[in-house]
Amino acid sequence: MLFWNYKHVGCKTEDECRGTQLRLKRIGSKVNLALLVMILPFAVLTGCGRNGNKLEEGMQLIKGLDYQGALTAFDEAELQQENARLIARGRGIAYMGLTDYDKAVECFVESLAGSNGLVEDIDFDLNYYLAAAYTKSGQPEQAEAIYDAILALRPEEEDAYFLRGCVRLDLSDYEGAKGDFDQTISMDSKNYDRLIEIYEVLAHYGYKEVAQEYLQTAIANAPSNMNAYDSGRIYFYLEEYQKAYLALEEAKEEGDAESYLYLGRAYEATGDYNYAASVYNSYISKDTGNAEIYNQLGLCEMAKGEYQKALEAFQAGMQIEDSGLLQSLSFNEIVAYEYLGEYQKAAVLLDNYLKTYPDDENARREQEFLLTR
């Protein structure tokens, strides 16, 4: 970890360090494991220095996916002598968005180098980002070293254990990864969100049976007050759909969108797309503000061959601001146009999509396909 110590990130010299720097279907949600590290709120940075208008503007532009605009704002913030560490941090995040991971590493290292020698929350925040940049740039060993250092200073960091486990799987270190996941679960055995993340990561890397063992243990040791939503989604991943239906039908009475999503997906898994679509539409009739429901409805309609309905669902979801699903919805909109035979429209949208998400390999393959139409 760079608090500031160049050896922790695998560089031979300090100068070198400063200078370098799941459901896998054709359509559907994309799991980006590296970006799971973007977990620390901006609130941890208060007190780190003066926050000027241009710095704040840059972070807002990042939120709107305007990464080039954000870089321009950070240049202006530098001219106004705003907080140098936060400017470098913001640039790093913008370069991550632009998929220029070497530049991102350089910026995060620069921000870390601006430390006053005291280890603060911002230093941990920056190291999480730096580890993400190393992971995305194909340097999992560097990322692992950073998580090692985080845990050396903060052994209670559950997120670092989980993320190091993900990196270790990427390094084919199954035993090391399992040790990290075991530790993660032992720190909070009732954190079923994290348990399911562990399941998804293990399944992604081909360890589905091991992943299901974690879920079976959770059910076997479930407290008497485990709610219907948690048990329902665990049964969903265990592929015990009848039990999942019963629990999730009960859970959805509370009106939570996630319960509807899992219930619909359980029916999709058994091929009952008509009932699944009715579940999603039932939720939409009460609340039109959930982009994930629209996305899943669109995927369900695609599976039914109702491509126009699918397109309408994706486009409705795209109208919801700050949903975090704009990339998936935009890509799925393109695929819907393809199935409708509107290849020219799909090609134009795909060109624009790749300007915003240039590292999406699925989209690049889709572009190659469209060139043949």
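What's counted below: heavy atoms across the whole structure, side chains too, no hydrogens, waters or symmetry copies.
- Under 4.0 Å is where a charged nitrogen must lie from a carboxylate oxygen, and between R164 and D159 no such pair does.
- Here D180 pairs with R168 in a salt bridge; the nearest charged N to carboxylate O distance falls below 4.0 Å.
- No side-chain heavy atom of E200 sits less than 4.5 Å from a side-chain heavy atom of Y205.
- Atoms CD and CG, on E197 and L163 in that order, are 8.5 Å from each other to the nearest 0.5 Å.
- If you run ring-ring contact (aromatic ring centres under 6.0 Å, His included) between Y129 and each of F108, Y134, Y101, only F108 comes through.
- Here the two rings, on Y245 and Y267, have centers that are under 6.0 Å apart.
- Ion pair E338/K345 not flagged as a salt bridge, since none of the NZ, NE, NH1 or NH2 atoms sits closer than 4.0 Å to an Asp/Glu carboxylate oxygen.
- Remark: Q344 CD is loosely packed, at most 12 non-hydrogen atoms of other residues, nucleotides or ligands lying under 6.0 Å away.
- Within the 4.5 Å cutoff, no side-chain heavy atoms of C300 are placed close to those of E306.
- Geometric assessment of R265 against the ring of Y262 yields a positive cation-pi assignment under the 6.0 Å and 45° thresholds.
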Set out, in order, the CA-CA distance, both residues' side-chain angles and the distance that settles side-chain hydrogen bond (donor to acceptor under 3.5 Å, both in side chains) for K208 and Y237, then state yes or no. CA-CA 10 Å; K208 185 175 180 179; Y237 287 109; over 6 Å; no
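- Other residues, nucleotides and ligands contribute at most 12 non-hydrogen atoms within 6.0 Å of the CD atom of E254.
- Side chains of D102 and Y95 form no contact here, defined as non-hydrogen atoms less than 4.5 Å apart.
- Remark: K190 does not engage D230 in a salt bridge, criterion side-chain N to carboxylate O under 4.0 Å.
- Around NZ of K63, the count of heavy atoms belonging to other residues, nucleotides or ligands within 6.0 Å does not exceed 12.
- Between A257 and N290, the shortest heavy-atom distance links the atoms CB-ND2, 3.3 Å.
- Ion pairing between D125 and R89 holds under the 4.0 Å rule for side-chain N and carboxylate O.
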Verdict with reasoning, D100 to K136, per salt bridge (charged side-chain N to carboxylate O under 4.0 Å, His left out): CA-CA 9 Å; D100 190 341; K136 292 292 288 181; over 6 Å; no
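- Taking the charged nitrogens against the carboxylate oxygens, E175 and K178 have no contact shorter than 4.0 Å, which rules out a salt bridge.
- Counted within 6.0 Å of CD on E253, heavy atoms from surrounding residues, nucleotides or ligands total more than 12; the atom is thus considered enclosed.
- Residues L311 and N332 have side chains not in contact (no heavy-atom distance under 4.5 Å, counting atoms from C-beta outward).
- Salt-bridge formation is detected for the pair E76/K54: a Lys NZ or Arg NE/NH1/NH2 atom is positioned less than 4.0 Å from an Asp or Glu carboxylate oxygen.
- A cation-pi contact links R154 to F124, judged by a cut-off of 6.0 Å to the six-membered ring centre and 45° from its axis.
- Salt-bridge formation is not detected for the pair K309/E312: no Lys NZ or Arg NE/NH1/NH2 atom is positioned less than 4.0 Å from an Asp or Glu carboxylate oxygen.
- Here the CD atom belonging to E158 is positioned 11.0 Å from the CG atom belonging to L151, to the nearest 0.5 angstrom.
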May I have the step-by-step check of salt bridge (charged side-chain N to carboxylate O under 4.0 Å, His left out) for E301 and K304, ending in yes or no? CA-CA 5 Å; E301 296 292 359; K304 292 166 57 183; 3.3 Å; yes
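- A distance of 6.0 Å or more separates the ring centres of Y241 and Y235.
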